Amino acid sequence: MIQKSTILQNLSNCIEDTSFLNIPGMKKGKVRDTYDLGDKLMLITTDRQSAFDRVLACIPFKGQVLNQVSAFWFENTRHIVENHLIATPDPNITIAKKCSVFPIEFVVRGYLTGSTSTSAWTLYSNGERTICGNSMPDGMVKNQKFEKPILTPTTKSDLHDESISVEEILSRKLIDESTWKKLESIVFALFEFGTQTAAKNGLILVDTKYELGLDAQGNILLIDEIHTPDSSRYWLSSSYRERFEQNMEPENIDKEFLRLWFRDHCDPYKDAVLPKAPDDLIAELSSRYIKLYEMITGLQFSTDTSSSIRERMLDNLSNAGYLK
Ligand SMILES: Nc1ncnc2c1ncn2[C@@H]1O[C@H](COP(=O)(O)OP(=O)(O)O)[C@@H](O)[C@H]1O
Ligand SMILES: [Mg+2]
């Protein structure tokens with residue numbers, strides 16, 4: 001585990017934006033900067049922490065954590081499905097095979113939970129008993145495990161993702177039926193493997209989102225990211241049962257506190273400039289991401305802070321031939 005003092009010394013050693021690389025054709029996502037390299041993509045995971053549709057802060061080492069968690073799962077799930085990962089020339093960077101992306105996000109849920117208006121628990125508690133074609137028995141309570149994980153697909157859209165049923169995916173010909181069957185069995189197998197691996201490390205993989213695509217030869221590949229703290233919910237196994245029986249929320253390695261701090265100190269939807277979050281909060285969030293990395297992978301997090309991360313990225317990309 002990296003020392004809190006190391007994190008505090010690196011508060012400004014963050015990657016907020018990768019335009020310093022001077023590589024043309026960047027597409028900026030909430031957290032990643034993506035570069036189109038022709039038949040490949042370069043996905044750079046930055047340290048941005050986003051919420052309320054904006055960047056709240058930069059969290060040291062967060063980009064490395066997310067990129068390396070994804071790489072860990074990509075390496076360890078090849079027996080289930082091939083994936084887009086070609087190389088990781090830098091701890092924050094993935095070079096991937098560019099695919100044509102299925103227009104669906106494959107959300108798999110092991111538990112009845114959530115608090116947003118579209119979450120499974122909110123729908124269920126409002127009386128809904130069918131979610132994306134999955135029927136649910138009466139009498140379930142919040143945070144209860146489903147008998148079997150369920151797939152609740154959403155459409156991929158730039159505005160907001162909408163739930164969609166399998167019938168509609170097939171009738172709108174978004175995916176053909178035989179391909180759908182394959183994709184469905186792949187995502188359940190991935191979720192099963194993720195669940196078992198997480199359990200060995202004291203974690204419950206609660207729910208997650210997968211994206212898949214086709215490579216130039218027509219092979220199905222897992223793309224984007226897999227089982228990262230940004231695309232998945234994890235709870236601590238050790239206290240789940242006891243807390244569930246006492247109607248308490250499960251424990252997680254909580255990242256919500258930074259969002260709450262902003263909500264309490266400004267109007268994050270309206271204010272043009274946000275206040276700066278206290279160093280301690282930023283460092284705390286960083287150490288929680290690192291802790292998540294170590295629990296998920298069972299590996300020790302290590303990073304070289306002898307030069308700046310910018311310098312390191314430039315060196316690594318130049319050595320791997322990605323800079324002109
Ligand atoms: N191997 C791949 N081939 C083609 N597109 C990909 C691949 N991996 C990821 N993508 C796409 O790249 C985009 C990455 O955007 P992302 O950084 O996640 O932005 P956002 O914040 O909007 O989610 C997503 O639309 C994802 O579907
Ligand atoms: Mg995304």
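Quick note: residue numbers are just sequence positions, from 1. No experiment lies behind these values; they were computed from the predicted model shown. In each ligand, atom 1 is the first atom listed, and ligand 1 is the first ligand listed.
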Asks: Indicate, as side chain, backbone, both or neither, the part of Val101 found under 4.0 angstrom from ligand 1 when only non-hydrogen atoms are considered.
Replies: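 Within the 4.0 Å criterion, Val101 contacts ligand 1 through side-chain atoms alone.
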
Asks: Are any of the heavy atoms in Lys27 under 4.0 Å away from ligand 1?
Replies: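 The answer is yes: ligand 1 sits under 4.0 Å from a heavy atom of Lys27.
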
Asks: Using heavy atoms and a threshold below 4.0 Å, how should the contact between His84 and ligand 1 be classified: side chain, backbone, both, or neither?
Replies: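 It is the side chain that touches ligand 1; the backbone stays farther off.
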
Asks: Is it the case that Asp176 and Ser178 place a side-chain donor and acceptor less than 3.5 Å from each other?
Replies: yes

Asks: So which protein heavy atom does atom 16 (P) of ligand 1 come closest to, and at what separation?
Replies: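 The protein heavy atom lying closest is Arg32 NH2, 3.6 Å.
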
Asks: Looking only at side-chain N and O atoms, does Thr94 offer a donor or acceptor that is under 3.5 Å from a partner on Asn67?
Replies: yes

Asks: Does ligand 1 have any atom sitting under 4.0 Å from a heavy atom of Glu225?
Replies: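 Per 4.0 Å heavy-atom rule, Glu225 does not contact ligand 1.
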
Asks: Number the atoms of ligand 1 from 1 as they appear, then name those within less than 4.0 Å of a heavy atom of Lys156, with their elements.
Replies: 24 (C), 25 (O), 26 (C), 27 (O)

Asks: To the nearest 0.5 Å, what is the distance between CG (Leu203) and OG1 (Thr195)?
Replies: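 Here the rounded value is 11.0 Å.
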
Asks: Mark up the atoms of ligand 1 that fall under 4.0 Å of a heavy atom belonging to Glu211, in ascending order.
Replies: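 In order of numbering, the contacting atoms are 26 (C), 27 (O).
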
Asks: Measure the CZ-OG distance between Arg312 and Ser307 for me, rounded to the nearest 0.5 Å.
Replies: 7.5 Å

Asks: Go through ligand 1 atom by atom and flag the ones less than 4.0 Å from a non-hydrogen atom of Leu41.
Replies: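 Under 4.0 Å from Leu41, ligand 1 has these atoms: 2 (C), 3 (N), 4 (C), 5 (N), 6 (C), 7 (C).
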
Asks: Which ligand 1 atoms does Lys98 reach within 4.0 Å, using its non-hydrogen atoms?
Replies: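 Close to Lys98: 3 (N).
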
Asks: Counting both backbone and side chain atoms, is some N or O of Cys99 under 3.5 Å from an N or O of ligand 1?
Replies: yes

Asks: Charged N to carboxylate O below 4.0 Å: is that the case for Asp33 and Arg48?
Replies: yes

